[in-house]
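Notes follow the structure.
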Amino acid sequence: MDPSLLDELASLPERVSAVETRLDRVDARLGTLETTVAAFRDETRTEFAAVRGEIQTGDEETRRQMRMLHEDVLDRLKIITEGIDNLGRR
């Protein structure tokens with residue numbers, strides 16, 4: 001048998017052990033990464049919910065102000081119309 005082949009066969013258990021060690025490290029890092037991604041996802045979900053709430057509150061406030069302005073314009077138009085009517089009666 002070829003001596004280089006015998007050397008490769010002799011080192012095979014050591015090499016397999018090294019690969020297993022590296023796979024264990026990768027597995028541990030993947031577990032950590034999964035935990036980090038899950039935490040990020042939860043934090044992002046919470047932040048987006050808060051932002052949606054702020055937007056909804058802002059929208060409601062804008063609608064309230066728009067209704068007030070609309071009512072103000074209607075009142076002013078009523079006053080102007082009454083003034084015009086009063087000028088015509090003179």
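As the structure is a prediction and not an experimental result, all values here were calculated from the model.
Around the CD atom of Glu14, the shell of radius 6.0 Å holds no more than 12 heavy atoms that belong to other residues, nucleotides or ligands.
The CG atom of Asn86 sits 12.0 Å away from the CD1 atom of Ile79 when rounded to the nearest 0.5 Å. The distance from the OG1 atom of Thr62 to the CZ atom of Arg67 is 10.5 Å, given to the nearest 0.5 Å. To the nearest 0.5 Å, atom CD1 of residue Ile84 and atom CG of residue Leu77 are 9.5 Å apart. Atoms CG and CG, from Leu5 and Leu9 in turn, are 4.5 Å apart once rounded to the nearest 0.5 Å. Residue Met66 holds its CE atom at 10.5 Å from CG of Asp59, rounded to the nearest 0.5 Å. With rounding to the nearest 0.5 Å, the separation of CZ in Phe40 from CZ in Arg45 is 11.5 Å.
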Checklist entry - side-chain contact (heavy atoms from CB on, under 4.5 Å) between Leu33 and Val37: does it pass, once the steps are laid out? => result CA-CA 6 Å; Leu33 182 60; Val37 168; 4.2 Å; yes

Checklist entry - Could you go step by step and tell me if Glu61 and Arg64 meet the side-chain contact (heavy atoms from CB on, under 4.5 Å) rule? => result CA-CA 5 Å; Glu61 177 63 18; Arg64 186 185 67 76; 2.5 Å; yes

Next on the checklist: Between Arg76 and Asp72, does the side-chain contact (heavy atoms from CB on, under 4.5 Å) criterion hold? Intermediate values first, please.
Outcome noted: CA-CA 6 Å; Arg76 289 175 186 224; Asp72 184 51; 3.0 Å; yes

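Although no hydrogens or angles enter the test, the distance criterion places a donor-acceptor pair under 3.5 Å between the side chain of Thr57 and the main chain of Gly53.
Under a 4.0 Å N-O distance rule, the pair Lys78/Asp75 does not qualify as a salt bridge. At a threshold of 4.0 Å, the pair Arg63-Glu60 does not count as salt-bridged, since none of the basic side-chain nitrogens sits closer than that to a carboxylate oxygen.
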